[in-house]
Chemist: 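Sharing a structure, written as structure tokens. Questions coming.
Residues take their numbers from the sequence shown, with the count starting at 1. These numbers come from the heavy atoms of this one structure, side chains and all, not from hydrogens, waters or symmetry mates.
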Amino acid sequence: MAITIDATVGGASANSYLTLSDANGLVEGMVLSTDAAKWSTGTDDNRNRSLVTATQRIDRERFLGARATDTQALQWPRTGVRKPDTYINTYSVGFPFRITTDYYTSEEIPDQITRATIVLAVYLHNNVDGLELSGLEDFKNLQVGSVNLTPNFYGAVGADRMPPMVERYFTGLRISGPGNVSIKRS
């Protein structure tokens, strides 16, 4: 069955942050990587599936603020989220210096979210198993008795990871990022 995109901002049945037409326009402006070049060779249905899957993955992030309405299907739009470029951290003083107090509106999806969606969709379109990894790819060796973990720092991508460029788009919008690990004493 073919996937139909609903990119209605704040919609109760929205399933993507971008329409296929908007996504195609953004891909045209990207650096022509292998993944971006293959975007136009796929069917509309495959590209729609990539957009929906990318949106679903992005919506699992913990973003600042709160959903604009209780009925919206996606995480964005949100209220109470300050636009990242409207303040500067002045660490010498110890508090942020506000240039303006500019917040995203309850009908606004940040450009960073739409760009993250298309970058992840392009990646998924060319790497169909990109989100189906086990999480053990981060280790060269894993031993249970006397716990012996040998990390794999060379190109491994574990479960639920995204391309680094996608992670960068969330700066200033997300509560926590990769590398934040909770450690509990047993």
Chemist: Are Met165 and Leu120 close enough, and set up right, to give a side chain to side chain contact (heavy atoms under 4.5 Å, CB included), and what steps lead you there?
Modeler: CA-CA 9 Å; Met165 181 56 115; Leu120 186 54; over 6 Å; no

Chemist: Hey, what do you get for NZ (Lys83) to OG1 (Thr105), rounding to the nearest 0.5 Å?
Modeler: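 One gets 7.0 Å once the value is rounded to the nearest 0.5 Å.
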
Chemist: Are any non-hydrogen side-chain atoms of Thr114 and Ile109 less than 4.5 angstrom apart?
Modeler: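 Thr114 vs Ile109: side chains touch.
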
Chemist: Between Asn126 and Trp39, is a side chain to side chain contact (heavy atoms under 4.5 Å, CB included) present by the stated rule, with each step listed?
Modeler: CA-CA 7 Å; Asn126 197 34; Trp39 177 259; over 6 Å; no

Chemist: So do the side chains of Phe170 and Ile58 get within less than 4.5 Å of each other, counting heavy atoms only?
Modeler: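 With C-beta onward as the side chain, the pair touches.
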
Chemist: Taking all heavy atoms of Leu51 and all of Ser16, pick out the closest pair and write down the distance.
Modeler: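 Nearest heavy atoms, Leu51 then Ser16: CB-OG, 3.8 Å.
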
Chemist: Which heavy-atom pair separates Pro77 from Gly10 by the least distance, and what is that distance?
Modeler: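 Result for this residue pair: CD-N, 3.5 Å.
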
Chemist: If I take atom CZ from residue Phe63 and atom CH2 from residue Trp76, how far apart are they, to the nearest 0.5 angstrom?
Modeler: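 So the gap between those two atoms works out to 6.5 Å.
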
Chemist: What is the minimum heavy-atom distance between Gln112 and Tyr104, and which atoms define it?
Modeler: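 Scanning both residues, the minimum pair turns out to be OE1-OH, 3.2 Å.
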
Chemist: May I ask you to decide if Ile3's main-chain N or O and Asp45's side chain share a donor-acceptor pair within less than 3.5 Å?
Modeler: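 Looks like yes, one N/O pair under 3.5 Å.
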
Chemist: Going through the distances and angles, do Thr53 and Arg57 end up as a side chain to side chain contact (heavy atoms under 4.5 Å, CB included)?
Modeler: CA-CA 6 Å; Thr53 303; Arg57 172 56 190 91; 5.7 Å; no

Chemist: How long is the span from the CZ atom in Arg47 to the CD1 atom in Ile5, to the nearest 0.5 Å?
Modeler: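 Nearest 0.5 Å value for the CZ-CD1 distance: 11.0 Å.
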
Chemist: Would you please say whether a donor-acceptor pair under 3.5 Å links the side chains of Thr8 and Asp6?
Modeler: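 There is such a pair (donor and acceptor under 3.5 Å, judged by atom type) between the side chains of Thr8 and Asp6.
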
Chemist: We want to know whether Asn24 and Ser21 form a side-chain donor-acceptor pair, criterion being a heavy-atom distance below 3.5 angstrom.
Modeler: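 No, because no side-chain N or O of Asn24 sits under 3.5 Å from a partner of the opposite role on Ser21.
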
Chemist: Search all heavy atoms of Tyr103 against all heavy atoms of Glu108 and return the closest pair with its distance.
Modeler: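 Of all heavy-atom pairs spanning Tyr103 and Glu108, the closest is O-OE1, 4.3 Å.
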
Chemist: Could you tell me whether a side-chain N or O of Arg67 sits under 3.5 Å from a main-chain N or O of Gln72, the two making a donor and an acceptor?
Modeler: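 Yes: the side chain of Arg67 pairs with the backbone of Gln72.
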
Chemist: Out of curiosity, Asp22 CG to Ile118 CD1, how far, rounded to the nearest 0.5 Å?
Modeler: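 The CD1 atom of Ile118 is 9.5 Å from CG of Asp22, to the nearest 0.5 Å.
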
Chemist: Are Leu64 and Leu173 close enough, and set up right, to give a side chain to side chain contact (heavy atoms under 4.5 Å, CB included), and what steps lead you there?
Modeler: CA-CA 6 Å; Leu64 297 169; Leu173 301 176; 5.7 Å; no

Chemist: Rounded to the nearest 0.5 Å, how far apart are CG of Asp102 and CZ of Arg82?
Modeler: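 Separation between the atoms: 10.5 Å.
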
Chemist: Show the nearest heavy-atom pair for residues Ala68 and Thr79, with the distance to one decimal.
Modeler: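 Nearest heavy atoms, Ala68 then Thr79: CA-CG2, 3.9 Å.
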
Chemist: Of all heavy-atom pairs between Lys38 and His125, which one has the smallest distance, and what is that distance?
Modeler: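 Minimum heavy-atom contact is O-CE1, 3.2 Å.
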
Chemist: Quick check for you: to the nearest 0.5 Å, what is the distance between Ile113 atom CD1 and Gln75 atom CD?
Modeler: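 The CD atom of Gln75 is 9.5 Å from CD1 of Ile113, to the nearest 0.5 Å.
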
